[in-house]
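Worksheet for the structure shown next.
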Amino acid sequence: MAGRDCLVAGDSCSSDETCSPRLRTLRQCVAGNGSMKLGPGARSQCANAVSALLSSPLHGCQCKRGMKKEKNCLSIYWSLHQSIIHGLNLVESYPYETVQRDYDYVRLASITADSDVGMTTVNRCLDAAKACNVDDLCQKLRTEYVSACIKPTAKSGLCNRPKCNKALRRFFDRVPADYTHELLFCPCTDTACAERRRQTIVPSCSYESAEKPSCITQMRICEADYVCRSRLAQFQYDCEPSETSASGCKQSNYGACLLAYTGLIGSTITPNYVNNSTSSVAPWCSCSASGSRRKECDDFLGYFTDNICLRNALTAFGRESDQQPTLSQPSTPSPEYSSRQNKNSTSQPENIETIPNIIDTIIPTQAMGNELLVGKSTLPSNSLPKSASPPTLMLQAAFSLLLLLLHLLNNGH
């Protein structure tokens with residue numbers, strides 16, 4: 001049964017006269033804790049429904065991250081895999097299907113190397129931006145989320161956070177990890193590079209506020225949302241630390257851990273680098289006012305700040321291909337990459353900036369030194385913006401420029 005689509009499994013169960021009433025009973029158990037809606041024999045009825053459904057198509061069903069009707073699929077999954085129903089622990093799997101993605105840094109290097117073939121040192125953060133710019137899907141969705149995250153709303157002058165986060169989720173769910181991981185986890189050796197990396201997900205719009213909210217509050221909001229709850233469950237599964245494993249991870253899969261981490265971006269508990277002087281990551285929340293739930297709060301935050309599995313995964317990724325291999329026989333880019341490069345070299349004069357170039361100007365590069373989004377100064381590592389968005393006029397100007405260049409680009413100018 002493992003790996004079966006929960007939407008298919010749910011349809012199959014609903015059309016079966018034996019499975020359907022048991023699923024309804026289980027949903028009543030989940031919604032009302034069994035006692036009020038099912039009467040004195042609730043515990044027995046809930047346990048019987050669970051036992052019966054464990055041999056149905058629902059058991060072992062999973063969903064695909066970013067799929068259509070993802071929330072519907074996950075609601076079916078959680079009907080059976082509720083954490084505890086009257087003491088019955090049903091968490092023996094995780095919500096999402098395992099995604100096998102082979103990471104290929106050499107291919108990305110070959111896309112961006114051009115005349116630098118033979119050089120051994122690389123700036124992986126800049127190479128990541130270049131590689132994204134020559135891939136149609138990566139460039140398109142990166143342009144979309146930057147545009148959504150810097151555009152101020154007419155009413156408040158602030159950014160539209162829900163729209164920004166939706167665009168971020170779309171980018172990290174649909175663009176291959178080859179590109180997204182390089183953009184987000186590339187190694188940095190100075191604060192300018194580290195600040196650019198931290199700004200990748202436009203923190204001033206996607207999650208930052210004047211004060212950090214309580215992690216307990218953020219966890220409660222996340223738990224009430226099927227998608228956020230599922231992304232967190234996947235992260236806790238794939239990044240579960242282990243003192244006995246050589247890798248530091250119980251699942252011994254760094255790639256899966258990093259993929260699960262990016263799945264949280266755009267949610268209530270979006271994690272990011274805490275400053276531009278370290279590689280430490282955490283969601284934007286605090287345990288200072290968690291009261292009697294302090295241990296629970298600390299355990300949640302520690303999954304990011306004191307997790308040997310996640311820390312090792314980030315470190316291992318940073319060490320991969322720090323030295324670019326001599327590309328005497330570089331890997332051949334796929335046809336769409338080659339087509340993209342040819343189009344860029346033949347249809348655009350050198351003196352006209354492209355949309356990707358504008359994005360790399362708005363999101364600071366290592367060469368830009370101490371500039372942030374739309375020209376703001378780099379924040380000290382121990383400070384954060386007081387406002388949720390940059391100045392309105394500067395945002396409007398940047399957004400207008402993006403739209404103008406996109407229009408020109410689409411019309412072949």
Side-chain angles (χ1 to χ4, degrees), residues 7 63-75 77-78 95-96 99 132 135-177 179-181 183-184 198-209 213 217-235 258-272 283-285 355-356 358-359 362-363 373-374 385 387-390 392 395-396 398-400 402-403 406:
L7 289 175
C63 305
K64 290 187 174 115
R65 182 173 136 180
M67 67 184 290
K68 289 183 179 179
K69 297 185 178 179
E70 180 181 359
K71 188 171 288 189
N72 292 346
C73 183
L74 292 170
S75 72
Y77 172 90
W78 286 110
Y96 293 106
V99 178
C132 182
D135 177 78
D136 286 326
L137 181 63
C138 188
Q139 180 218 328
K140 177 179 180 292
L141 295 187
R142 187 172 176 232
T143 302
E144 285 182 5
Y145 89 71
V146 170
S147 176
C149 294
I150 69 171
K151 180 182 179 182
T153 59
K155 187 174 182 180
S156 68
L158 304 177
C159 73
N160 187 327
R161 178 162 292 179
K163 187 174 181 180
C164 170
N165 282 328
K166 182 178 180 180
L168 278 169
R169 288 195 301 272
R170 179 179 164 89
F171 176 78
F172 284 101
D173 284 350
R174 299 194 179 185
V175 176
Y179 298 97
T180 60
H181 285 191
L183 285 168
L184 197 60
R198 195 183 77 85
Q199 291 289 332
T200 297
I201 61 172
V202 198
S204 61
C205 182
S206 60
Y207 65 84
E208 284 178 353
S209 55
T217 300
Q218 300 302 89
M219 288 166 61
R220 184 172 62 248
I221 296 172
C222 181
E223 185 68 18
D225 180 84
Y226 283 127
V227 175
C228 185
R229 181 204 299 185
S230 301
R231 301 297 177 93
L232 179 58
Q234 192 74 42
F235 170 72
L258 294 182
L259 195 64
Y261 172 96
T262 63
L264 293 171
I265 295 173
S267 74
T268 306
I269 53 174
T270 294
N272 196 20
W284 181 256
C285 65
I355 291 293
I358 293 299
I359 291 178
I362 294 174
I363 299 182
L373 290 176
V374 201
S387 170
S389 67
T392 301
L395 280 174
Q396 290 174 331
F399 182 69
S400 299
L402 276 171
L403 293 182
L406 184 60

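Atom set for the values below is all heavy atoms of this structure, side chains included, hydrogens, waters and symmetry mates excluded. For reference, positions follow the sequence shown, starting with 1.
- Nearest heavy atom pair, residue R198 against residue N272, reads O-ND2, 2.9 Å.
- Atom CD of residue Q218 and atom CD of residue E223 lie 13.5 Å apart, to the nearest 0.5 angstrom.
- C164-C205 SG separation is not under 2.5 Å; the pair is not scored as a disulfide.
- The two residues T200 and Y145 come nearest to each other via the heavy atoms O-OH, 2.6 Å.
- In this structure, S267 and V227 have side chains that are not in contact, with every pair of non-hydrogen atoms separated by 4.5 Å or more.
- Once rounded to the nearest 0.5 Å, the distance linking NZ of K151 with SG of C149 reads 12.5 Å.
- In this structure, C159 and T153 approach most closely via the heavy-atom pair C-CG2, 4.2 Å.
- For the two cysteine residues C73 and C63, the thiol sulfurs sit under 2.5 Å apart.
- The backbone N or O of E144 lies less than 3.5 Å from no partner atom in the side chain of S147, so there is not a single donor-acceptor pair.
- The shortest side-chain heavy-atom distance between L184 and I201 falls under the 4.5 Å cut-off.
- Contact between Y226 and W78 at its shortest, heavy atoms only, is CD2-CD1, 3.7 Å.
- In terms of heavy atoms, Y96 sits closest to K64 at CD2-C, 3.8 Å.
- Between P213 and S209, the closest heavy-atom pair is CD-OG, 4.3 Å.
- Exactly one of R169, R170, R231 qualifies for a salt bridge (Lys or Arg N to Asp or Glu O under 4.0 Å) with E70. That residue is R231.
- T270 is not listed as a side-chain neighbour of W284, based on a closest heavy-atom distance of 4.5 Å or more.
- Expressed to the nearest 0.5 Å, how far CG of L168 lies from OH of Y207 amounts to 11.0 Å.
- The line from SG of C222 to CG of L232 is 5.0 Å long, rounded to the nearest 0.5 Å.
- R65 places a side-chain heavy atom less than 4.5 Å from the side chain of L259.
- Summarising the geometry, atom CG belonging to D173 is positioned 10.0 Å from atom CG belonging to L141; distances are rounded to the nearest 0.5 Å.
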Given R142 and V175, is the side chain to side chain contact (heavy atoms under 4.5 Å, CB included) satisfied, shown in steps?
-> CA-CA 9 Å; R142 187 172 176 232; V175 176; over 6 Å; no

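- Once rounded to the nearest 0.5 Å, the distance linking CD of Q139 with OH of Y179 reads 12.0 Å.
- Taking the side chain as every heavy atom from C-beta outward, F171 and L183 approach each other to under 4.5 Å.
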From CA spacing to verdict: side chain to side chain contact (heavy atoms under 4.5 Å, CB included), K71, L74 = CA-CA 5 Å; K71 188 171 288 189; L74 292 170; 5.8 Å; no

